[in-house]
Participant: 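Input: one structure, supplied below.
Numbering starts at 1 and runs along the sequence shown.
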Amino acid sequence: DDSGDGLTLGTAFRTITKALTAVFPATTIHVWPGTYNTNLGEQFPLTLNTESLQIVGEMGATNTIIDVKGTNAIAIKVVGIGAGGLLKNLTIINGNPWGLWMTNTYIAVQGCVLTNNNGGGAVDIARGNPTFTDCRIESNKCNKAAVYIEGNGGFTMNRCILRRNVSSGSAGAIWMDLDNWIGSGIGYLNNCLIDHNACSGAVNADGIYANDGTGFVLANCTIADNDNAGGYGVLKTGGNGTQMKIYNSIIWSNGTDVSGMALNAAYTAQYSCVGSIDEGGVGIINTNPLFVDTNYYHIQSVEGCYSNGFFADGVWITAPANSSCIDAGAITGSYAVYQSEPMYNGARVNMGYDANTPTASKSLAPGWVPYRYVKMGGNNEGAGTNWNTAYASVQTGLQALAPLGGGSVHIATGTYYLAAEANVTNGTIEVLGGYLMDGVPGMRTNAPGATTLSRVNVAATKAPGRAMNW
């Protein structure tokens, strides 16, 4: 009820619009769960211009929604608020042309979701340098970019997810556009995931784009599967940007992964996994990063990798292989910090958006020996890491161990007919039979012929050749 004084839950205002008329410097507006729209009495845009003003959704972004549907208006304008300002735990939807428009501000945006905003995009930063932490910017339709920076602006993003944004402008996810300014705009992205964005504009930067006078510093990021008919994951044009640096990142399966690093000798990419780049530096690899999936983009580890969550709310699983991005990040300097990774972490930071976080994929523990399991009636499409997921063929077990540098194939009792020679080319692989499948790996019988590998199938003609080739 907007007739209350707004000082307690019992006398709370009905609308954020009303609350904004009663603020003074350092006020916090506590927003209770609900959808705040014109039907409730909201008047858009909601303009924030009081120093150190904070708006906090008290029950999380999922439950606190600012919906501009039907008004063709910006949802929230932030004007001239310094670093003491805060937007937290809000979902902002259906803004047009922007969900969040910001100028001359250093406000913090935490735990917010910006989705289904149309027109320019989700966020417009015109001067200033706001910080975004633990935000999701997803499924916005843009004629600029999901996040558009102009007017000598910059930003910092920590642990943010930008995905499935579609743009007819110059970038799908982020566009640093300062061509008309003598600018030094820098976008700092730390532990961010940018995936499945698309841009149909002339520049065709599906992921992120910095034109002349701007740049990015990417640390521990994953930029993947941003590809609309041959676009770019990371694109830099013009050689006058103050910084263009990439560390400990995975940039993979975009049209062209990275372009523009050759424009300036000061630009550098180090200790990153990049499919294609015009000029790389020390520690660059271009082997498949082996993502667990293309939704959460953690990297595979036989010791343990996170699944079904980004930085929380997921589960730990084991994978059939180890990504080459584990323990492959920077060795020294400020980007070499690894201590937030779970044990065992190999005392070296990983590559990718979860690097140096508690959900980073685990390194092989000292003395660790990989096992693969084979049983009669198994499934060659399974993980092969226990009897329940055992392979059906010996050759599949051997092939699974090859990229791990060796290990043991445990074979249950039975007769296994080999269609071809089972080749072992790694001398560190053991092939052990006679298992009774009563544990992991369980007991073995020493009865002769308990596990037989044969090139002769009683139901078919004899297949010539050896059963195993060492």
Side-chain angles (χ1 to χ4, degrees), residues 1-81 84-105 107-126 128 130 132 135-144 146-148 165:
D1 184 349
D2 280 348
S3 65
D5 61 15
L7 297 179
T8 68
L9 184 58
T11 60
F13 295 131
R14 178 181 176 86
T15 64
I16 302 171
T17 302
K18 175 62 176 180
L20 288 171
T21 67
V23 299
F24 49 86
T27 295
T28 298
I29 299 175
H30 302 275
V31 184
W32 221 242
T35 298
Y36 294 83
N37 54 26
T38 55
N39 292 335
L40 197 69
E42 297 292 358
Q43 298 177 28
F44 297 107
L46 303 173
T47 300
L48 286 58
N49 55 14
T50 303
E51 187 57 40
S52 298
L53 176 63
Q54 300 189 355
I55 300 181
V56 178
E58 291 300 325
M59 294 294 179
T62 302
N63 301 305
T64 312
I65 301 168
I66 297 174
D67 187 354
V68 197
K69 186 175 182 179
T71 64
N72 288 325
I74 294 170
I76 297 177
K77 283 187 173 183
V78 182
V79 181
I81 294 179
L86 176 66
L87 292 172
K88 185 175 181 179
N89 296 343
L90 305 171
T91 292
I92 301 171
I93 63 174
N94 293 316
N96 189 343
W98 302 100
L100 181 58
W101 183 88
M102 319 170 84
T103 186
N104 293 321
T105 184
I107 195 171
V109 183
Q110 299 176 5
C112 290
V113 176
L114 291 103
T115 187
N116 291 323
N117 296 284
N118 300 282
V123 180
D124 185 347
I125 303 169
F132 298 79
C135 293
R136 292 188 64 166
I137 301 173
E138 181 173 3
S139 300
N140 298 281
K141 296 180 180 179
C142 326
N143 60 35
K144 293 288 188 179
V147 179
Y148 179 63
N165 299 289

Participant: Below 3.5 Å, can you tabulate the donor-acceptor pairs from side chains in residues 47-54 to any protein atom, sequence neighbours excluded?
Facilitator:
unit_1: Glu51; atom_1: OE1; unit_2: Gly82; atom_2: N; d: 3.3
unit_1: Glu51; atom_1: OE2; unit_2: Gly82; atom_2: N; d: 3.1
unit_1: Gln54; atom_1: NE2; unit_2: Gly84; atom_2: O; d: 3.2

Participant: Just to verify, what does Glu138 make a salt bridge (charged side-chain N to carboxylate O under 4.0 Å, His left out) with, not counting sequence neighbours?
Facilitator: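 Per chain and number, Glu138 pairs via salt bridge (charged side-chain N to carboxylate O under 4.0 Å, His left out) with Arg136, Arg164.
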Participant: Taking side chain to side chain donor-acceptor pair (under 3.5 Å) as the test, write out the residues that go with Tyr36, two or more places apart.
Facilitator: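 Side chain to side chain donor-acceptor pair (under 3.5 Å) list for Tyr36, sorted by chain: empty.
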Participant: Given 3.5 Å as the limit, does a donor-acceptor pair link the side chain of Asn104 with the main chain of Val79, or not?
Facilitator: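 No, the answer is negative, given that no donor and acceptor are paired below the 3.5 Å cut-off.
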Participant: When Asp67 is tested against each of Asn37, Asn94, Thr35 for side chain to side chain donor-acceptor pair (under 3.5 Å), which residue passes?
Facilitator: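 When side chain to side chain donor-acceptor pair (under 3.5 Å) is applied between Asp67 and each of Asn37, Asn94, Thr35, only Asn94 qualifies.
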Participant: Mind running side-chain hydrogen bond (donor to acceptor under 3.5 Å, both in side chains) on Glu42 and Thr17 for me, showing each step along the way?
Facilitator: CA-CA 6 Å; Glu42 297 292 358; Thr17 302; 2.6 Å; yes
Participant: Out of curiosity, Ile92 CD1 to Asn117 CG, how far, rounded to the nearest 0.5 Å?
Facilitator: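 Answer rounded to 0.5 Å: 7.5 Å.
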Participant: List in chain and number order the residues that pass side-chain contact (heavy atoms from CB on, under 4.5 Å) with Ala126, two or more places apart in sequence or in another chain; answer none if no residue qualifies.
Facilitator: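 Result, side-chain contact (heavy atoms from CB on, under 4.5 Å) vs Ala126: Thr103, Asp124, Glu150.
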Participant: Can you list the residues that meet the side-chain contact (heavy atoms from CB on, under 4.5 Å) rule with Pro97, with sequence neighbours excluded?
Facilitator: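 For Pro97, the residues satisfying side-chain contact (heavy atoms from CB on, under 4.5 Å) (neighbours in sequence not counted) are Ile74.
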Participant: Going by side chain to side chain donor-acceptor pair (under 3.5 Å), name the residues that satisfy it together with Glu58, two or more places apart in sequence or in a different chain.
Facilitator: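 Listed in chain order: His30.
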Participant: Once side-chain contact (heavy atoms from CB on, under 4.5 Å) is applied, do any residues pair with Gln110, and if so which ones, sequence neighbours excluded?
Facilitator: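 For Gln110 the side-chain contact (heavy atoms from CB on, under 4.5 Å) partners, ignoring immediate neighbours, are Leu86, Lys88, Ala108, Thr133.
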Participant: Of Leu40, Leu46, Ile76, which meets side chain to side chain contact (heavy atoms under 4.5 Å, CB included) against Ile16?
Facilitator: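 Only one of Leu40, Leu46, Ile76 forms a side chain to side chain contact (heavy atoms under 4.5 Å, CB included) with Ile16, namely Leu46.
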Participant: Does Asn116 offer a backbone N or O that forms a donor-acceptor pair with the side chain of Asn140 under 3.5 Å?
Facilitator: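 Looks like yes, one N/O pair under 3.5 Å.
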Participant: Kindly determine whether Asn89 and Thr64 satisfy side-chain hydrogen bond (donor to acceptor under 3.5 Å, both in side chains), including the steps that lead there.
Facilitator: CA-CA 7 Å; Asn89 296 343; Thr64 312; over 6 Å; no
Participant: As an exercise, state the distance from OG1 of Thr105 to CD1 of Ile81, rounded to the nearest 0.5 Å.
Facilitator: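 If I round to the nearest 0.5 Å, the distance is 5.5 Å.
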Participant: What pairs with Thr8 under side chain to side chain donor-acceptor pair (under 3.5 Å), at least two apart in sequence or on another chain?
Facilitator: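 Once residues adjacent in sequence are excluded, the partners of Thr8 under the side chain to side chain donor-acceptor pair (under 3.5 Å) criterion are Thr11.
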Participant: Test of understanding: with side-chain contact (heavy atoms from CB on, under 4.5 Å), list the residues that count as partners of Thr38, not counting sequence neighbours.
Facilitator: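 Partners of Thr38 under the side-chain contact (heavy atoms from CB on, under 4.5 Å) test: Phe44, Thr71.
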Participant: I'd like to check the side chain to side chain donor-acceptor pair (under 3.5 Å) partners of Asn63; sequence neighbours left out, ordered by chain and number.
Facilitator: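 Testing Asn63 for side chain to side chain donor-acceptor pair (under 3.5 Å), a comparison that skips the adjacent residues, returns none.
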Participant: Supply the atom-to-atom distance Trp98 CH2 to Asn118 CG, rounded to the nearest 0.5 angstrom.
Facilitator: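 Rounded to the nearest 0.5 Å, the CH2-CG separation comes to 11.5 Å.
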Participant: Using side chain to side chain contact (heavy atoms under 4.5 Å, CB included) as the criterion, point out the one residue from Val31, Thr27, Val23, Thr28 that pairs with Ile55.
Facilitator: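 One option only clears the test, and that one is Val31.
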